[in-house]
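None of these values were measured; they are calculated from a predicted model.
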Amino acid sequence: MKDKELKRLLSANVSSIASVIVTIVIPYLLVENFSIYGTHLTWLCICSAAVGAVTIILHIILKPNPSNRRSSLAHKVARFLRCCVYFCMSCIFYHGIIVLYGAPLMESVLETFLFAVLLSTFTTLHCLCLLGPNIQVWLRVFSKNGATSIWDNSLQITTLCSVVGAWFGAFPIPLDWDRPWQVWPISCSLGATFGYMAGLLLAPLWIYWNRKQLTYKSR
């Protein structure tokens, strides 16, 4: 494993963490009466847009999985459209799963959907940028010993931490503490965000710690 590639991964993950921090600090300084609690839906939109934009830009600059094949403009356009369709399907899928786990079905539909968009940005968008719109490759990467690069390992860890963080964020909601952050879906989205940031930090550390045991084979 090359240290240079690990440094590229670390710089990309730090940039993604910075994009989340910026969505908290900048709107608070520029927008009157802005707060994550009071204007949570606005923050969900800002965070999803900022993290999504940074993810795409980093992928274009770093090109973690470069392809040797030259593709035509039509192929690139078709690939982009497929990615858009997959992302929309991911938002709908997450929305359905969240409802099945107890979110209101008819009430707070917008809140639930924006939370689903945030989760899709933390997980699916990274898969689309790194692996492309290929479900078989996704299944391979998220299977046991399916990673073929440190970027795959980072994707595994970040995705898992985001979903687990969202799940843990739901625990305080039914408690009778009567806190403003218990309103749906504030604690879940914050849990997903902290899980996402924790995954971005843990991934390079875990890879560095286990670098001698990691052997990648092209598949």
Report task. Kindly indicate whether the side chain of W184, heavy atoms from C-beta on, has any atom under 4.5 Å from the side chain of P104. Result -> yes
Of all heavy-atom pairs linking I150 and I207, the shortest is O-CD1, 3.4 Å
Open item on the list: Are T39 and N33 packed together at the side-chain level, in the sense that at least one heavy-atom pair is separated by less than 4.5 angstrom?
Closed with: no
Contact check, side chains of L125 and S120, non-hydrogen atoms, under 4.5 Å: no
When every non-hydrogen atom of P133 is compared with those of R82, the smallest separation belongs to O-NH2, 2.6 Å
Same apolar cluster (I L V M F W Y, side chains within < 4.5 Å links), I157/V137 | yes
**Asked** Do L105 and Y94 share a hydrophobic cluster, counting only Ile, Leu, Val, Met, Phe, Trp and Tyr and linking them when any side-chain heavy atoms are less than 4.5 Å apart?
**Response** no
Measuring only between side-chain heavy atoms, which start at C-beta, is F113 closer than 4.5 Å to C91? yes
Separation between CE (M89) and SG (C84), nearest 0.5 Å, reads 13.0 Å
Minimal heavy-atom distance between L119 and A192, with the atoms involved, is CD2-CB, 3.9 Å
With side-chain contact (heavy atoms from CB on, under 4.5 Å) as the criterion, how do T121 and F87 come out once you've worked through the C-alpha distance, each side chain's angles and the decisive distance to 0.1 Å? CA-CA 8 Å; T121 304; F87 184 81; 3.8 Å; yes
Next on the checklist: Hydrophobic clusters here meaning ILVMFWY residues chained together by side-chain heavy-atom distances under 4.5 Å, can you tell me if W43 and F115 are in one?
Outcome noted: no
* V20 side chain near V51 side chain, heavy-atom distance below 4.5 Å -> yes
Check for a donor-acceptor pair, side chain of S108 on one end and backbone N or O of E111 on the other, with a separation under 3.5 Å. no
Margin query: In this structure, is the centre-to-centre distance between the rings of H75 and F80 below 6.0 Å?
Written below: no
Shortest non-hydrogen pair, P174 vs A170, comes out as CD-O, 3.5 Å
Quiz item: Within the distance-only criterion (no hydrogens, no angle test), does the side chain of S162 pair as donor or acceptor with the backbone N or O of T158 below 3.5 angstrom?
Solution: yes
Has F194 got more than 12 heavy atoms of other residues, nucleotides or ligands less than 6.0 Å from its CZ? no
Check your understanding: Do Y28 and I36 have side chains that get closer than 4.5 Å, going by heavy atoms?
Key -> no
Any side-chain heavy atom of F93 within less than 4.5 Å of one from T124? no
Review point. Is the side chain of S48 donor-acceptor paired with the backbone N or O of C45 at a distance under 3.5 Å, no angle test?
Key: no
Review point. Would L114 and L118 count as a side-chain contact (heavy atoms from CB on, under 4.5 Å) if you check the C-alpha gap in whole Å, the side-chain angles of each, and the deciding distance to 0.1 Å?
Key: CA-CA 6 Å; L114 290 179; L118 184 73; over 6 Å; no
Minimal heavy-atom distance between I186 and P180, with the atoms involved, is CD1-O, 3.6 Å
N153 backbone acceptor or donor facing W206 side chain under 3.5 Å
no
inquiry  = Tell me whether the count of non-hydrogen atoms from other residues, nucleotides or ligands lying under 6.0 Å of CH2 in W167 goes above 12.
reply    = no
Review point. Using a distance-only test with no angle check, is there a side-chain donor-acceptor pair under 3.5 angstrom linking T159 and H126?
Key: no
Indicate yes or no: at least one non-hydrogen side-chain atom of I173 is less than 4.5 angstrom from one of C188. yes
Practice problem: Please check if the side chain of S15 supplies one atom and the backbone of S11 the other of a donor-acceptor pair under 3.5 Å. | Solution: yes
- Task: Find out if a path of hydrophobic residues (ILVMFWY) with successive side-chain heavy-atom gaps under 4.5 Å connects F122 to I24.
- Result: yes
### Query
Hey, is the main chain of C129 close enough, under 3.5 Å, to the side chain of H59 for a donor-acceptor pair?
yes
Check your understanding: Does S154 reach the main-chain N or O of W151 with its side chain, forming a donor-acceptor pair under 3.5 Å?
Key -> no
Please confirm whether the backbone N or O of A147 pairs with a side-chain atom of D152, one donor and one acceptor, at under 3.5 Å?
-> no
Check: Are F171 and L160 in one and the same hydrophobic cluster, where Ile, Leu, Val, Met, Phe, Trp and Tyr link if side-chain heavy atoms are under 4.5 Å apart?
Finding: yes
Exercise for the section: Keeping the roles fixed (side chain from Q182, backbone from S187), state whether a donor-acceptor pair exists under 3.5 Å. Expected result: no
On a heavy-atom basis, the closest approach of L44 and S189 is CD2-CB, 3.7 Å
